[in-house]
Amino acid sequence: MSLDISGAFDAARIEDHDNHAPTDAEWFQESSLFTVCDPGAGVLGYYRIGIHPNLGRANAYGFTSAESLGVVDRYFGADRPIPEASVNDCSVGAVRFEVIEPMAAYRVRMDGEAYRLDVEWRPFFRPISAHSSVGGLSFASGHYNAIGRAVGTVENDEGAVAIDAFGYMDHSWGERRSHFPASKWIFACADEDTFLQAFPVLGADGRSRTIIGYAARDGLLRKLVGDYSTGYSIRDDWLTPSGCDAELRDEDGRVFRLTGRTRGPEGIYPFLHGKFCVHALAEFTLDGRPAKGLLENSPPRVIPTYAVDTYGLDPSGIWLKAPVEERGVRSTV
């Protein structure tokens, strides 16, 4: 089915597929992300390559869980050389992205120490530009993303598991420095016509909340807007989502209801400057239909700004900063 896509989104430009000329901003970055979600096979893959041209370094994050094979791999390759190729078509450490057809087909590989994941990843629709900025905070100045299907295998000495997954892809560029204080991410997909990705964020004031994302049903892909509830529950590690009972609305006034439960181990992605994201594989019921995807949580790192202002707390005082020896911080000079 061909999707009718909201006018709130523009089709991604082919010239944005390759790397962009960096600005003078120190924290200019270019990154590419692919996820692979298949609860039926017990597989979650979450892979990101990022480069910082002005810092002269690249990094790769990979989380792979394959339950039947006993694979739980948390991989972070930091401070690697910047690849000469596009961030969509390169390798950094053990993570490898290959372009089969720009905007239409990719190969994603993760070469772990004792396993290998290899999938062909195809979006359901041409990626759309989604500039995610709220109150001066954003992921980056440029963005496009899509939802699609990933088919392939994960294998090790124990055997091989076939993967028929849904997933999310994203390519961003620009300065990434001032992060949202906290966020959640719900990705759930029933098929190529019924899916959503919702990114509720906490504003810089520590109080306001906004939802970023889109949902599709009955051939219509629309922007998420207005009031929402995620109904998140958290595991006993205080970090990992255990489930959701969510209600979301789009610009046409349609309501999307879903419940979900996570399973298996969690992945923790070090984002930048202390921010981190925690994700786990999830099974959903989306508008009464089974769906698969993931839940993610990025909790607040500090007391909200409005509370600091209300109480008149000194940002350099004992209420907000722990002694150096208690944090285990060591000079890197």
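Predicted model only: the values in this text are computed from it and were never measured.
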For [X] and [Y], which heavy atoms make the closest approach, and how far apart are they?
X: C189; Y: F124; answer: SG-CE1, 3.7 Å
X: E283; Y: P39; answer: CG-CB, 3.3 Å
X: Y306; Y: G206; answer: CE2-O, 3.4 Å
X: Y75; Y: V92; answer: OH-O, 4.4 Å
X: A104; Y: P123; answer: O-CD, 3.3 Å
X: I234; Y: P241; answer: CD1-CA, 4.0 Å

Do the side chains of [Y] and [X] get nearer than 4.5 Å, heavy atoms only?
X: S242; Y: R261; result: yes
X: E30; Y: P22; result: no
X: L44; Y: T64; result: no
X: R254; Y: L220; result: yes
X: R107; Y: V99; result: no
X: I163; Y: V151; result: no
X: I14; Y: M103; result: yes
X: R149; Y: E120; result: no

Centroid separation under 6.0 Å, is that true for the rings of Y168 and W185?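 So the answer is yes for these two rings.
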Do F63 and Y61 have ring centroids that are under 6.0 Å from one another?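 Ring-ring flag for Y61/F63: false, centres at least 6.0 Å apart.
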Is a side-chain N or O of [X] found less than 3.5 angstrom from the main chain of [Y], in a donor-acceptor match?
X: W173; Y: A21; value: no
X: N156; Y: R116; value: no
X: D250; Y: L224; value: no
X: T153; Y: A162; value: no
X: R222; Y: G253; value: no

Does the side chain of [X] pick up a donor-acceptor pair with the side chain of [Y] at under 3.5 Å?
X: S208; Y: D205; result: yes
X: Q29; Y: S172; result: yes
X: K223; Y: S6; result: no
X: N145; Y: H171; result: no
X: Y106; Y: N88; result: no

Any ion pair linking [Y] and [X] (charged N to carboxylate O, less than 4.0 Å)?
X: D245; Y: R257; result: no
X: D287; Y: R217; result: yes
X: R122; Y: E192; result: no
X: R249; Y: E247; result: yes
X: E67; Y: R263; result: yes

Could you go through residues 294-302 and list every donor-acceptor pair under 3.5 Å that involves a side-chain atom there, pairing it with any protein atom two or more places apart or in another chain?
{"residue": "E296", "atom": "OE2", "partner": "Y46", "partner atom": "OH", "Å": "2.8"}
{"residue": "E296", "atom": "OE2", "partner": "H279", "partner atom": "ND1", "Å": "2.8"}
{"residue": "N297", "atom": "ND2", "partner": "L239", "partner atom": "O", "Å": "3.0"}
{"residue": "S298", "atom": "OG", "partner": "K275", "partner atom": "NZ", "Å": "2.8"}
{"residue": "S298", "atom": "OG", "partner": "F276", "partner atom": "O", "Å": "2.8"}
{"residue": "R301", "atom": "NH1", "partner": "H273", "partner atom": "O", "Å": "2.7"}

Please assess D157 against Y115 for the test side-chain contact (heavy atoms from CB on, under 4.5 Å), listing each intermediate value before the final yes or no. CA-CA 8 Å; D157 291 342; Y115 76 95; over 6 Å; no
CG (D237) with more than 12 external heavy atoms under 6.0 Å: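 Yes, CG of D237 has more than 12 neighbouring heavy atoms, counting only those of other groups under 6.0 Å.
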Other residues, nucleotides and ligands only: do more than 12 of their heavy atoms fall within 6.0 Å of CD on E15?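 Check passes, neighbour count above 12.
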Is the positively charged end of [X] above the ring of [Y], judged by distance under 6.0 angstrom from the centroid and angle within 45° of the axis?
X: R48; Y: F34; answer: no
X: R209; Y: Y228; answer: yes
X: K184; Y: F199; answer: no

Derivation of the side-chain contact (heavy atoms from CB on, under 4.5 Å) call for R235 and T262: CA-CA 10 Å; R235 294 181 184 175; T262 62; 3.0 Å; yes
